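To start, the structure under review is shown below, and the notes come after it.
Indexing begins at 1, ligand by ligand and atom by atom, following the structure's order. Everything quoted here is computed from the prediction, not taken from an experiment. Values reported hereafter were calculated over all heavy atoms of this structure, with side chains retained and with hydrogens, waters and symmetry mates removed.
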Amino acid sequence: MNKVATKVNDIFIENFSSTPHLYYSPGRINFIGEHIDYNDGFVMPAAINKGIYYAIAINNTDDINFYSVDFNEKLTVNIKDVKKMTGWKNYVLSVVNEFLLLNKHVAGFDCVFGGDIADGAGISSSAAVEGGLAFGINELINFGLDRKELALLCQRAEHNFPGVMCGIMDQYANMFGKKDNVILLDCKTIEHQYFPLKLEGYEIVLINTKVHHSLASSEYNIRRKECEKGLEILKKEKGIASFREIKNADELLPLKDKMGDKVYDRCKYVVEEIIRTQQAAKLLKEDNITEFGKLMFATHEGLSKLYEVSCKELDFLVEKARENNGVIGSRMMGGGFGGCTINIVKKESVQDFLAVATVAYQKEFQIDAEVIEVKIGDGTNELDSGKL
Ligand code: GLA
C-alpha cells in the first residue's frame with residue numbers, strides 16, 4: 001500500500017481511536033482539449049497514479065472533524081454550521097454543503113486526508129480533494145449517488161465556496177479514470193468513451209514550473225465570461241447553439257468588430273481547439289503520435305497567444321521542448337498561469353530533454369523545475385485497509 005495511505009491511516013487512529021475506511025482519489029492529466037470543457041467541447045483527460053488519500057469514519061455526533069496532513073491543520077464544524085471559509089477548508093466544506101443542498105442528512109464524521117500531489121501544479125489536486133470526500137461520504141452514509149452525480153456534485157462544490165467556475169473535466173476524470181486508458185469526454189452530453197493509450201516508444205513527462213500566478217482563478221472566471229459573451233453574439237448572428245457547430249474558425253472573422261478583439265481571440269481559440277481535439281482523438285486511436293504531438297504544440301500556441309492563459313515560465317519550457325527533436329508534443333496543461341507542461345517524448349530522449357530543459361529553466365528563472373512522473377491510473381475508489 002502507498003506510504004501516504006499508511007500515514008493518513010496512522011494519523012487517523014492516533015487522533016480518533018476508531019477504524020476508518022480508506023479512499024484514494026487521483027489527480028489528472030489532460031492530453032488535449034484545454035479550456036473547452038465549459039465551452040461544450042471535447043476533452044481527453046486521464047486519472048493519474050498520484051492523488052489524495054482519505055481516512056473517514058462516522059463519529060455519531062453532529063460534528064465533522066477534519067485534519068489536513070499536508071497543511072498540518074485541523075477544523076471542527078457542526079453540521080448546522082457549514083459555511084464558506086478559506087483555503088483547503090473551502091473545498092471540503094463545500095462538498096459537505098452540496099450534500100446538504102440535496103437534502104441529504106450528513107452524519108458527523110472524522111476525517112484525515114493528505115496526498116502525494118502538488119498543489120498548484122495544474123494536475124487538479126482540488127478535484128482529488130473533492131472527489132475523495134464526496135465518494136467517502138456517499139459510501140459511508142449510503143446516499144446512493146452514482147459516479148456521474150458525484151462528479152457533478154464536486155463541480156458544483158468548486159463553483160460554490162471556492163468560487164472557481166470550473167468545467168466538468170477534472171471531477172469527471174477523477175471519478176471515471178481507468179488504468180492505461182484515456183477518457184474522451186463530450187462535455188455537452190457528458191458522455192465518455194475510453195480508449196487504451198499505447199504510446200509505444202514514448203513517455204509522458206510533466207514538468208512543473210513551480211509557479212502559480214495568483215491570477216489563476218480570477219482570470220479563469222473572466223475567460224468563461226468572455227466565451228459566454230462570444231457565444232451570445234454567435235447565437236444571435238448565426239443561429240447556432242454551441243461553438244462546436246462552427247466547423248472553421250474563419251467563420252468568426254465577419255463578427256470580429258461586434259465581438260471586440262479579446263472576445264474574438266477567445267472564440268477563435270475555442271473553435272480551433274474543439275476541431276483539434278476531435279482530430280487528436282482520431283490520431284491517438286490510430287497510434288499516430290507524431291501528428292498528435294503537432295496538435296499539442298498548436299494548442300499551446302493558442303492558449304498562449306489567443307486565450308492568454310500561459311505565462312513566461314510555461315512558454316519557456318514549451319520552447320525548450322520545441323528545440324529538442326525527441327519531443328513529439330508539448331504544451332501547458334490545465335487552467336494555466338503556472339503549473340505543468342505535458343510532454344510526449346521519445347524514450348531515448350527523456351533524460352537529455354529533462355536535463356537540458358531544467359538546467360536552462362534554472363538559469364532563466366532561478367527556479368528548480370520539478371519533473372513529475374505519472375502513470376495513468378484508476379478513478380476514485382475505496383482501498384482495502386487490510387492491505388496496509
Ligand atoms: C481547470 C478546470 C477544468 C478545465 C481546465 C482547463 O483544471 O478545473 O474544468 O477548464 O482548467 O482545461
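A centroid separation of less than 6.0 Å is found between the aromatic rings of Y307 and Y269.
Counting heavy atoms from C-beta on, the side chains of Y23 and L383 never come closer than 4.5 Å.
Using a cutoff of 4.0 Å between basic side-chain nitrogens and carboxylate oxygens, E228 and K225 are not scored as salt-bridged.
Sorted by first and then second residue, the salt bridge (charged side-chain N to carboxylate O under 4.0 Å, His left out) pairs involving residues 97-106 (not counting sequence neighbours) are E98-R156.
Residue-level contacts of ligand 1 at the 4.0 Å heavy-atom threshold are R28, E34, H35, D37, Y38, C166, G167, M169, D170, Y220, G334, G335.
Both L100 and L140 are part of a single hydrophobic cluster, where members link through side-chain heavy atoms under 4.5 Å apart.
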Under the ring pair (Phe, Tyr, Trp, His ring centres under 6.0 Å) criterion, do F99 and F143 qualify, and how do the steps go?
CA-CA 9 Å; F99 280 107; F143 285 146; 5.4 Å; yes

